[in-house]
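Accompanying notes for the structure given below.
Letters A, B, ... mirror the listed sequences (proteins, then strands); counts begin at 1.
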Number of protein chains: 2
Amino acid sequence: MARAERLAQDLSLQFTTLRRRTLEVVAEEGRPLGAYDIAERLSAPGKRVAAVSVYRALDFLTEHGLVHRIASRNAFVPCEHGHGAGESAVFLICRSCGSVDETISAEIERSLDHTLAQAGFKPASRIVEIEGECGACQGRQEEG
Amino acid sequence: MARAERLAQDLSLQFTTLRRRTLEVVAEEGRPLGAYDIAERLSAPGKRVAAVSVYRALDFLTEHGLVHRIASRNAFVPCEHGHGAGESAVFLICRSCGSVDETISAEIERSLDHTLAQAGFKPASRIVEIEGECGACQGRQEEG
DNA sequence: GTCTTGCCTGTTACAGTGTAACGATCGGCG
DNA sequence: CGCCGATCGTTACACTGTAACAGGCAAGAC
């Protein structure tokens, strides 16, 4: 992610090797990764990376909007949009291939805002995760 | 929940004591309960209920739409609506008092359906969880 | 240079979450 | 009675996440 690298320059000092490599691992994978999976990929023979370090790196990355946490999977994916941290994304999680697509819909945001205002609820963070079957996997099943 | 009791009759054999008591515990609490919290409340001196039994009861209850799982909290709340299992609910989770309010919005469902159709994604289950501050807690803060 | 400060990382330990596997129990049925 | 299916108890285990403390490293103050 070139965007991440660019944002990294702004944080210069803060974007350490561990955090950069954590982001790389998450970005290379096409599906959500658990913290322990990341730790395993970051580890080399004789150089083990503890899961707790990964968690701290992930905290940093999520705070700066470079990765997202998938609550229903306890896993992490790279952020594919340049949206601000306060904005809400919709995650489409495919049960067949495990891929996660991140989309943003102004329409959904509007209806959410409307419903929240009606309820007198002041939102801080939003989680919208849809499990199902992505278009590619639907096509694959029709063929087979 | 009288509704749950009524639905229980239909499942006659399936609605065992453990499952009923699990539902009671979840319904009595005004906030999401973890599986181990439930197990603790179900346990009596000399009669310990293991968490794994609670998980099985919760699986049953969620399948039949009597309780919901709050993915962002790893906790469970009673279902407050008679909606079908396929319908999507919106959970408003208050960070101050920990309460969870369940609402249904046709507007949100429409916009979600629209976005999903555009993406060619076939949804199976939907998770919409908003963290923030409920109306009651906002009023309380203004006073204090 | 040295000292202090603050941040990041390593390590250990531990609490919480969830599942697999096996055995026992109970009710219904031939 | 014996069989069968579902539920439940128990143990064991894997995964997820946090607390606490120690060491390293860069930057600024003296």
Side-chain angles (χ1 to χ4, degrees), chain A residues 8-26 29 31-64 66-77 98 125 127 129 131, chain B residues 8 10-26 29 31-64 66-77 98 127 129 131:
Chain A
Q9 303 305 324
D10 298 347
L11 310 171
S12 54
L13 279 187
Q14 313 244 37
F15 203 58
T16 62
T17 304
L18 176 63
R19 291 169 177 175
R20 168 177 281 110
R21 296 204 53 216
T22 299
L23 177 58
E24 286 171 358
V25 167
V26 172
E29 197 82 16
R31 58 187 187 83
L33 273 183
Y36 280 64
D37 293 327
I38 299 172
E40 197 177 333
R41 279 168 177 70
L42 288 179
S43 296
K47 180 63 182 174
R48 181 177 146 269
V49 175
V52 62
S53 298
V54 175
Y55 276 111
R56 289 191 283 232
L58 288 170
D59 284 345
F60 173 87
L61 295 172
T62 52
E63 274 172 19
H64 291 81
L66 295 173
V67 307
H68 291 293
R69 174 186 168 75
I70 306 294
S72 60
R73 296 288 181 104
N74 294 325
F76 299 83
V77 295
S125 80
I127 298 173
E129 298 175 9
E131 281 203 7
Chain B
D10 298 347
L11 309 171
S12 55
L13 278 188
Q14 313 243 37
F15 201 59
T16 63
T17 303
L18 176 63
R19 291 170 177 175
R20 169 177 281 112
R21 295 205 52 216
T22 299
L23 177 58
E24 287 172 359
V25 167
V26 172
E29 197 83 15
R31 58 189 187 81
L33 272 182
Y36 281 64
D37 293 328
I38 298 172
E40 197 176 332
R41 279 168 176 70
L42 287 179
S43 295
K47 179 63 183 175
R48 181 179 147 267
V49 175
V52 62
S53 297
V54 175
Y55 276 111
R56 289 192 282 232
L58 288 170
D59 284 344
F60 172 88
L61 294 172
T62 52
E63 274 172 20
H64 290 83
L66 295 173
V67 307
H68 290 294
R69 174 185 169 77
I70 307 295
S72 60
R73 296 288 180 103
N74 295 325
F76 299 83
V77 294
I127 298 173
E129 299 175 9
E131 280 202 9

Report yes if some heavy atom in the side chain of A:V26 is under 4.5 Å from a heavy atom in the side chain of A:L61; otherwise report no.
no
Can you find a pair of side-chain heavy atoms, one from A:V49 and one from A:L18, that are under 4.5 Å apart?
yes
Nucleotide range of DNA chain D lying under 4.0 Å from chain A heavy atoms:
D:dT16 to D:dA20
Is [X] near enough to [N] that one of its side-chain N or O atoms lies under 4.0 angstrom from OP1 or OP2?
{"X": "A:S53", "N": "C:dT9", "value": "no"}
{"X": "A:Q14", "N": "C:dC8", "value": "yes"}
{"X": "A:R48", "N": "C:dG10", "value": "no"}

Any idea how B:Y55 and B:Y36 line up, ring-wise: parallel (<30°), tilted (30 to 60°), or perpendicular (>60°)?
perpendicular
Nucleotide by nucleotide, 5' to 3', does protein get under 4.0 Å of the base (B), only the sugar-phosphate (S), or neither (-) in nucleotides 18-27 of chain C, counting heavy atoms?
BBBB------
Residues which pass side-chain hydrogen bond (donor to acceptor under 3.5 Å, both in side chains) with A:D59, listed by chain and number, not counting sequence neighbours
none
Quick one: salt bridge (charged side-chain N to carboxylate O under 4.0 Å, His left out) partners of B:R69, sequence neighbours excluded?
none
Residues that B:E129 engages under salt bridge (charged side-chain N to carboxylate O under 4.0 Å, His left out), provided they are two or more places apart:
none
Whether over 12 other heavy atoms sit under 6.0 Å from A:E40 CD:
no
Can you list every side chain to side chain donor-acceptor pair (under 3.5 Å) pair that touches residues 41-50 of chain B, not counting sequence neighbours?
B:E29-B:R41
